[in-house]
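On a predicted model such as this, the values are computed, not experimentally measured, just so you know.
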Amino acid sequence: MPTNRTHPKRVSLLVSSLALFAVVALCPSRNGLVDAKLTHMSRKEVKQKEAEALEKYIELKEKGADEVSNTDQAVALRNYQLRKKKIKGVIRKKEVTLAQVLFPGVSPEEYDLHEEVPIFAELVESKKTQVPFEYYDLPVCAIPSIAKKYKKRKNLGSKLQGRDPKPSPFPASVGNDVGCTPICKVNIGGTKLRWMRKLVERQYRVHLTLDQLPVLMRSKELNYAVRGYPLGFKAPPSYTKLKNDEYYLYNHLKFTITYKEDSDFEGVRITGFDVHPVSVDHNFKGDLDSNSVVDTCNADGSDEVVNDPESFLALRSGPTGEPLSVIYSYEVAWEKSDLAWADRWDVYLIGSPDDDIHYFAIVNSLMIVLFLTGAVATIMIRTLRKDIAGYNEMQTLEEAQEETGWKLVHGDVFRPPSFSPMLLSVCVGTGVQIGAAFVLTMLCTIAKLVSPMKKGQTLTAVIVLYVLSGSVSGYVSSRIYKFCDAKAWKRNTLATAAAFPGVLVAMFLFLDFFLAFAGAATSVSFFTIIALFLLWICVSTPLVFVGSYFGFRAEKFYVPTKTNQIARFVPENVWFASPPVSFLLGGILPFGSVCIELFFIMNALWLHQIYYVMGFLLMVLMILAATCAEVSMVMCYLQLCGEDHRWWWKSFFNCASAGIYLFLYALWFLSTKLELVGFLPVAVYLTYMSMISLAFSLFCGSVGFLSAFMFNQLIYGALKVD
């Protein structure tokens, strides 16, 4: 007759732990404009300085100063807007530059005068489609001969994302202005011409980089700055006086490169990279070479190349169907600037959400955690302690038989699930592996081992850390499977190693077939697929077997009660504690705890915005795990009170249903925020969001199951059972 009389201490310990987590999570705060020099200032002095900065900001805005140029006024406006993004630390705050935040540990590159600097061509992509193309897939000038000299090695993540920077056909050297220079002549006709018109209609933009700076289109008059330049533009019939829309191509690029010289360092540092695209129909007949003179470009006395409606280059074939002849040209202007190298990224973050919104998101999530903590504490202190004390004081069998609720199912609560214990163990093990890989990735970014600005590097880290976490899933899956008294451990281990990666690979290969058919840059080569397969077979699977070996050798999970030979009859439960209602109710709070931060993540994934606050993301993950754990405990308790001992799969799906809400949120985002055109872009979006929702669901479900299991061990361990 096992007896446990220390139950009040156990219950109090769990409640204290939950309350401690909530208090610790509430600790981060923000005091605004505080740096290392202000740590010894009084609060009054800090507020006075903030008021002065605000007054200056309002004064400059009233004068009509812009925020995107490199003038002193624009720099002052940017510094005020981004002041909170330049604060580092939680307790000891100090002011840093955005270069230190986005690229920690990166030192500036210094160039000598007349030194050649390559301009790299990145992807050609659009917010209206999630199908990017390589720059040299377009009918443009051929890749220059110096491409091999500047060839960059790609990591696995870059290959999966289709990122392969190559030198563009626009040569530049430090300090050397270049007037209008024709580069090449390309004939565009037939299918290529129709494709280019389609790309212009879908608002594709070309992305170039110089010294790791993305090219910017900015206007001081309109006060805007946007990355990349459009391939062309569409003019309506009201503008062209034609029957249909007309499409025009930007074939001339005017680059402006700003740089800084200082006695503190040798050479020059590049601080800005701008482009102004122009559509111009160059007048030239015959073949083009390096000595050719184009009247509208490099001829003596030629006018400056500007956007003039009379000389726009229309994307249409000739009167008799002959191909369109396009002359690509460019010019470069170098301008000296006082802008510091460390501040050159400021303009890219103008208009991005303030960090205070992330704090509000965390506070919103913490309110949910505190609410659930109170619910769990109420269950533990007021209900469970009273029930346990009353149950343990019963002296007769008749009194025990009169009791109802969760105490009566002590002989069935640890009965293994009747439906597929292998599938349950595989799902829980995989969810734990996903959580471990995510936490390790966040820790690597916080430790500055991985930069979130380098998306290829981040994706590589996620894949590698997921593979290396295989032993975790093998261990957890085998422990649960062993507890269920199942014997097919080899099949369970293989399923743990192959199930989730197999589903993702199948979805990815199906999508990759259509991407390759469309010629998208994100279509993965055969060799990359082989590399992923070898990574899975040679690294992930053996680690899963190692974890499974130690899991099966470990002792079986201890449970405080014995399981009856015959399962107890389960009465009809209340509607809110029965599936599928309980599943839908259980997933609301876990999803609600991350929905605000999810908006910024979706913008970074699909709208090409910058996301770098990995510390916030790690905190949101911790809050999500706490929410799932507490929701699972509350729902499990309600089901046990209804004498329903079949909690195994229910505890998993009560939290795993958050993945359904994530997918529904993705559909809402698709219909309201994205303007995708065509079947393939929508298919790409839905496929990747299905993968993300599945991973999210497995993680939440695994946390919910393990929390319910430990909850049951705790409360039934406090009972005195004969």
Side chains of [X] and [Y], heavy atoms from C-beta outward: is any pair under 4.5 Å?
X	Y	result
Tyr204	Val131	yes
His282	Asn251	yes
Phe273	Asp211	no
Leu511	Tyr688	yes
Phe517	Leu515	no
Asp308	Val278	no
Met689	Leu667	no
Asn603	Phe669	yes

Would you be so kind as to tabulate the donor-acceptor pairs closer than 3.5 Å made by side chains of residues 193-201, with sequence neighbours excluded?
from   : atom 1 : to     : atom 2 : distance (Å)
Arg194 : NH2    : Thr191 : OG1    : 3.4
Arg197 : NH1    : Leu315 : O      : 2.6

What donor-acceptor contacts under 3.5 angstrom involve side-chain atoms of residues 225-236, with partners at least two apart or in another chain?
from   : atom 1 : to     : atom 2 : distance (Å)
Arg227 : NH2    : His608 : O      : 2.2

Check for a donor-acceptor pair, side chain of [X] on one end and backbone N or O of [Y] on the other, with a separation under 3.5 Å.
X	Y	answer
Thr209	Gln212	no
Ser158	Arg163	no
Asn223	Asp66	no
Asp112	Gly267	no
Ser329	Pro182	no
Ser317	Pro323	no
Ser168	Ile119	yes
Thr458	Lys454	yes
Ser302	Cys297	yes
Ser523	Ala521	no

[atom1]-[atom2] distance between [X] and [Y], expressed to the nearest 0.5 angstrom:
X	Y	atom1	atom2	result
Leu213	Phe120	CG	CZ	13.5 Å
Leu680	Thr129	CG	OG1	8.5 Å
Glu125	Arg205	CD	CZ	10.5 Å
Leu339	Asp346	CG	CG	7.5 Å
Leu113	Ser173	CG	OG	9.5 Å
Thr296	Asp281	OG1	CG	7.5 Å

Counting only heavy atoms not in [X], do more than 12 sit closer than 6.0 Å to its [atom1] atom?
X	atom1	answer
Asp72	CG	no
Lys260	NZ	yes
Glu675	CD	no
Lys220	NZ	no
Glu322	CD	yes

- Under the side chain to side chain contact (heavy atoms under 4.5 Å, CB included) rule, what do Arg269 and Tyr259 come out as? Steps first, then yes or no, please. CA-CA 5 Å; Arg269 295 177 178 176; Tyr259 65 95; over 6 Å; no
- Item | Test log, rule side chain to side chain contact (heavy atoms under 4.5 Å, CB included), inputs Asp164 and Lys154 | CA-CA 7 Å; Asp164 185 15; Lys154 296 187 295 180; 3.5 Å; yes
- Item | Lys254 and its side-chain hydrogen bond (donor to acceptor under 3.5 Å, both in side chains) partner, picked from Glu304, His276, Glu331 |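 With Lys254 as partner, Glu304, His276, Glu331 yield a single side-chain hydrogen bond (donor to acceptor under 3.5 Å, both in side chains), made by Glu304.
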- Message: side chain to side chain contact (heavy atoms under 4.5 Å, CB included) for Lys192 and Asn187? Distances and angles first, verdict last.
- Response: CA-CA 10 Å; Lys192 282 288 186 181; Asn187 293 325; over 6 Å; no
- Run the numbers on Glu67 and Tyr224 for side chain to side chain donor-acceptor pair (under 3.5 Å), then give the verdict. CA-CA 8 Å; Glu67 298 175 348; Tyr224 80 89; over 6 Å; no
Looking only at non-hydrogen atoms, find the nearest pair between [X] and [Y] and report the distance.
X	Y	result
Leu210	Ile257	CD2-CD1, 3.5 Å
Glu109	Trp341	N-NE1, 4.5 Å
Val450	Pro452	O-CD, 3.7 Å
Leu605	Ile692	CD1-CD1, 4.1 Å
Leu288	Ser292	CD1-CB, 3.4 Å
Ala76	Leu60	CB-CD1, 4.0 Å

- For the side chain to side chain contact (heavy atoms under 4.5 Å, CB included) test, which of Leu208, Asp274, Val178 pairs with Phe255?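 With Phe255 as partner, Leu208, Asp274, Val178 yield a single side chain to side chain contact (heavy atoms under 4.5 Å, CB included), made by Leu208.
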- Item | Aromatic plane relationship, Tyr330 with Phe170 - under 30° parallel, 30 to 60° tilted, over 60° perpendicular |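 Taking Tyr330 first and then Phe170, their aromatic rings sit tilted (interplane angle of 30° to 60°).
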- Message: Would Lys336 and Glu261 count as a salt bridge (Lys or Arg N to Asp or Glu O under 4.0 Å) here? Give the steps.
- Response: CA-CA 8 Å; Lys336 192 172 182 179; Glu261 287 182 307; 3.5 Å; yes
Kindly list each side-chain donor-acceptor pair under 3.5 angstrom involving residues 133-145, sequence neighbours excluded, with atom names and distances?
from   : atom 1 : to     : atom 2 : distance (Å)
Glu134 : OE1    : Lys166 : NZ     : 3.3
Tyr136 : OH     : Pro167 : O      : 2.5
Asp137 : OD2    : Glu134 : N      : 3.4

- Verdict with supporting geometry, Phe600 and Tyr611, ring pair (Phe, Tyr, Trp, His ring centres under 6.0 Å): CA-CA 7 Å; Phe600 302 113; Tyr611 186 88; 7.3 Å; no
- Pair Leu77-Lys61, side chain to side chain contact (heavy atoms under 4.5 Å, CB included): steps then yes or no: CA-CA 8 Å; Leu77 290 176; Lys61 292 294 288 184; 4.1 Å; yes
